[in-house]
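Values reported hereafter were calculated over all heavy atoms of this structure, with side chains retained and with hydrogens, waters and symmetry mates removed.
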There are 2 protein chains.
Amino acid sequence: MSLSHALLALLDAGEMTGYELAKQFDQSADRVWHATHPQIYTELRRLESAGLVTARELPRGPKAKAVKRAYALTEAGSAELLRWVAEIEPPQRVRDVACLKATYFEYADPGTVRRQFESHRDHFREQQQRWERHVEQLRTRRTELLSRRLAVAPQEDHETIVAYKVHAYQGLVERARTEVAWAERGLALVDELEAQRRSRRAPR
Amino acid sequence: MSLSHALLALLDAGEMTGYELAKQFDQSADRVWHATHPQIYTELRRLESAGLVTARELPRGPKAKAVKRAYALTEAGSAELLRWVAEIEPPQRVRDVACLKATYFEYADPGTVRRQFESHRDHFREQQQRWERHVEQLRTRRTELLSRRLAVAPQEDHETIVAYKVHAYQGLVERARTEVAWAERGLALVDELEAQRRSRRAPR
DNA sequence: GTTCGCATGTAAGTAGTTACATGATTAA
DNA sequence: TTAATCATGTAACTACTTACATGCGAAC
C-alpha cells in the first residue's frame, strides 16, 4: 500500500500536520499519489499505532481551545522508508478509462468523439504545464518541501536528491506530452474518417 | 465505475460466459482494464439484477452435471453502453508507485536504483511488444473479439470500428515507449551521478 | 457578523484483492 | 491416474470515496 509510504516520504522532510500533508497531496504538484483528507487522517493514526510515526499535540491559536497534531518519522519509520525504496514491486495493473472508452468510440457520433479527445488533450496540456513548472522549481531548488529536505541532508547529497526528483517529474512531463499527442492524432483521425464517409456516400 | 462498462462493451461482441470474459481481461491484450475473476462474477450478477444483461444457463459437458451461464446485453445494457461512451468523465487521479518511488531514489544505493530502472524498462518493453502485436492483429482483423464484433456490425462501419481500436492500442504502445525511454534515461543518470561522485572524491 | 482558511475527524458505502472452496471435463 | 483447463462462486479484508459534522481564528 503506497499511501503510507507517500506519507513517510513527505515526513522525511520534517514534522508536518495532517492538514499540511493533505495540502501536499491535493494542492501542490507533488501529488504523484492522489489521496483525500479522510484517508490521510485515518492512515496517519494507523502509522502512529504501528510505531512508524509519532504525533506531537500543538495548541491551535493562543487560547489553546483546540489542538493540532504534528507528525514526525520514528526510527522504524525511516527504516521502513528505506526498505520500501529498495524493494522491487510487481508492476501496476492497467486501468485506464480513457483508453477503454476510446476503444468503443464507434458508438458515438463524430462531434462527441471530438469533444472527448479535446477534453483529454486539454487536461494533459494543463498537467504538462504544471509539471514543467514544478521541474523548473526543483531545478532552481525553490519548492518548500525540497528546501526542507535539503536542510536536513548532507551537502554532498544535494545534487543526487535534486537529480532524481527532476528525473521523476520530467517523466510525468513526457507522459503528459504523449497523451496530448495521442489526443491530437485522435482528432485528426475523426476528421479523416468523416472525410472518407462523405466521399463514399457522394462519390464525385 | 468502469468495470461494468468494460463488461457491457465486451458483451456487445456477443454472448459470453463469466469465464470467457475473465480470460479477455487477464489473458489477452484487451485488458485495458484489469479485473480478477471474483470481481467479474460478482459484477455480472449485479448487472443481471440491474437488468443490463440476461443470463442463459447452459449445460457444462454432455452429462449436464453442472451449468455455466452465458451473458448477453439487454436493450437497457446497449443503451447504457452508448450513454457511457458519450459521457465526458472527470480525469483520473494520478497514483503512480514507480514515479513516487523514483522521487526518493536518493535513499537507495546506485546498484538498487539501477535494478529498479531495469525492471521498469523490461516490463514496459514487454508491454510495448505485446501491444504492438495486438495493433497488428487488429489491423489485419485477426482478433477473435474483433471478428465477432464485425460480424454483427454493418459493413460500412467496419473501417471506423477498426480505426478507433487501433488508435486506442497505438496509444498504449506510445505510452509504453515513453516509459522505456524514461527508464533508460534513468540508467544514464545513475551512471552520471556515480561518475560525478567518484571524480569529486578523487579529483585527478 | 459572516466568510474564508485552518484543522480534525466519523460513518457509510463502493471497489478491488486474496485466500479458500468445489467440481466437471479433457488430454496425456 | 493425474494434471490441466473449464467453470463458478463465497468470505474476509484492504483501499478508497463521499457525505456529514464540528469548531477555531482572522480578516473584511
Side-chain angles (χ1 to χ4, degrees), chain A residues 1-7 15-28 31-50 53 55-71 89-97 100, chain B residues 1-8 15-28 31-50 53 55-71 89-97 100 144:
Chain A
M1 189 213 359
S2 285
L3 172 60
S4 52
H5 295 103
L7 290 169
E15 207 181 56
M16 257 187 269
T17 65
Y19 189 82
E20 286 173 304
L21 286 162
K23 261 201 306 181
Q24 292 299 330
F25 272 88
D26 68 50
Q27 255 174 40
S28 91
R31 41 161 193 174
V32 170
W33 194 270
H34 164 80
T36 56
H37 82 263
Q39 216 192 335
I40 290 169
Y41 287 118
T42 310
E43 190 59 32
L44 284 168
R45 290 287 184 165
R46 179 149 50 192
L47 290 172
E48 194 188 0
S49 63
V53 301
R56 205 159 60 91
E57 300 213 329
L58 300 172
R60 283 208 258 159
K63 308 270 192 62
K65 280 188 185 154
V67 284
K68 57 180 176 182
R69 320 185 86 229
Y71 291 91
E89 284 175 81
Q92 275 183 289
R93 332 283 199 142
V94 187
R95 223 169 241 150
D96 189 315
V97 200
L100 177 62
Chain B
M1 188 215 357
S2 285
L3 173 59
S4 53
H5 295 103
L7 290 169
L8 294 177
E15 207 182 55
M16 259 189 268
T17 65
Y19 188 81
E20 288 174 302
L21 286 162
K23 261 201 305 181
Q24 292 298 330
F25 273 88
D26 67 50
Q27 256 173 39
S28 91
R31 39 159 195 176
V32 171
W33 194 270
H34 164 81
T36 57
H37 80 262
Q39 215 192 337
I40 290 169
Y41 286 117
T42 310
E43 189 61 32
L44 283 169
R45 292 285 183 165
R46 181 148 49 192
L47 290 172
E48 195 188 358
S49 64
V53 302
R56 206 159 60 91
E57 300 213 330
L58 300 172
R60 281 208 260 160
K63 307 270 191 62
K65 280 186 185 155
V67 285
K68 59 181 177 183
R69 321 185 86 230
Y71 291 91
E89 285 174 79
Q92 276 182 289
R93 333 281 199 144
V94 188
R95 221 168 243 153
D96 190 315
V97 200
L100 177 61
E144 210 223 308

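- Rounded to whole Å, the distance from CE on A:Met1 to P on C:dA15 is 21 Å.
- Atom-to-atom, CG of B:Leu3 to C1' of D:dC16 comes out at 16 Å; the value is rounded to the nearest Å.
- Of all heavy-atom pairs spanning A:Ile40 and A:Gly18, the tightest one is CG2-O, 4.1 Å.
- Counting to the nearest Å, the C1' atom of C:dT14 and the CZ atom of A:Arg95 are 13 Å from each other.
- Separating the CZ atom of B:Arg93 from the C1' atom of C:dG16 is a distance of 17 Å, rounded to the nearest angstrom.
- D:dT14 atom P lies 14 Å from atom CD of A:Gln39, rounded to whole Å.
- Residue A:Gln92 contributes atom CD, which lies 13 Å from atom C1' of D:dA15 at whole-angstrom precision.
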Practice task
Evaluate side-chain contact (heavy atoms from CB on, under 4.5 Å) for B:Arg45 paired with B:Arg69, printing each intermediate quantity in order.
Solution key: CA-CA 10 Å; B:Arg45 292 285 183 165; B:Arg69 321 185 86 230; 3.3 Å; yes
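- Atom pair B:Arg46:CZ and D:dG9:P shows a separation of 14 Å (rounding to whole Å applied).
- Backbone-only contact: B:His34 has heavy atoms under 4.0 Å from sugar-phosphate atoms and none from a base.
- Rounded to whole angstrom, the span from the CE atom of A:Met16 across to the C1' atom of C:dC6 amounts to 16 Å.
- Of the possible polar contacts, none joining the B:Glu48 side chain to the B:Tyr71 backbone as a donor-acceptor pair under 3.5 Å is found.
- Both A:Thr36 and B:Thr17 lie close to DNA chain D; mapped to their nearest nucleotides by heavy-atom distance, the more 5′-ward contact belongs to B:Thr17.
- Electrostatic pairing of B:Arg46 and B:Glu43 counts as a salt bridge here, judged by a charged N lying under 4.0 Å from a carboxylate O.
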Exercise for the section: Report the C-alpha distance between B:Trp33 and A:Val97 in whole Å, list the side-chain angles of each, state the deciding distance to 0.1 Å, and finish with yes or no for side-chain contact (heavy atoms from CB on, under 4.5 Å). Expected result: CA-CA 8 Å; B:Trp33 194 270; A:Val97 200; 3.8 Å; yes
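- None of B:Glu20, B:Glu57, B:Arg60, B:Arg56 except one satisfies the side chain to side chain contact (heavy atoms under 4.5 Å, CB included) rule with B:Lys68; the exception is B:Arg60.
- Among D:dA15, C:dA15, D:dA7, the nucleotide with an atom closest to any side-chain atom of B:Lys68 is D:dA7.
- Judged by closest nucleotide on DNA chain D, B:Lys23 is the one of B:Lys23 and B:Arg45 placed further toward the 5' end.
- Within a 6.0 Å radius of CD in B:Glu144, no more than 12 heavy atoms belonging to other residues, nucleotides or ligands are found.
- Of the candidate nucleotides C:dG23, C:dA7, D:dT8, D:dT8 has the atom nearest to the side chain of B:Tyr41.
- The bend of the helix from C:dG1-D:dC28 to C:dA28-D:dT1, defined by the angle between the axes of its first five and last five pairs, stands at 20° to the nearest 10°.
- The side chain of A:Tyr19 places an N or O atom within less than 4.0 Å of a non-bridging phosphate oxygen (OP1 or OP2) of C:dC6.
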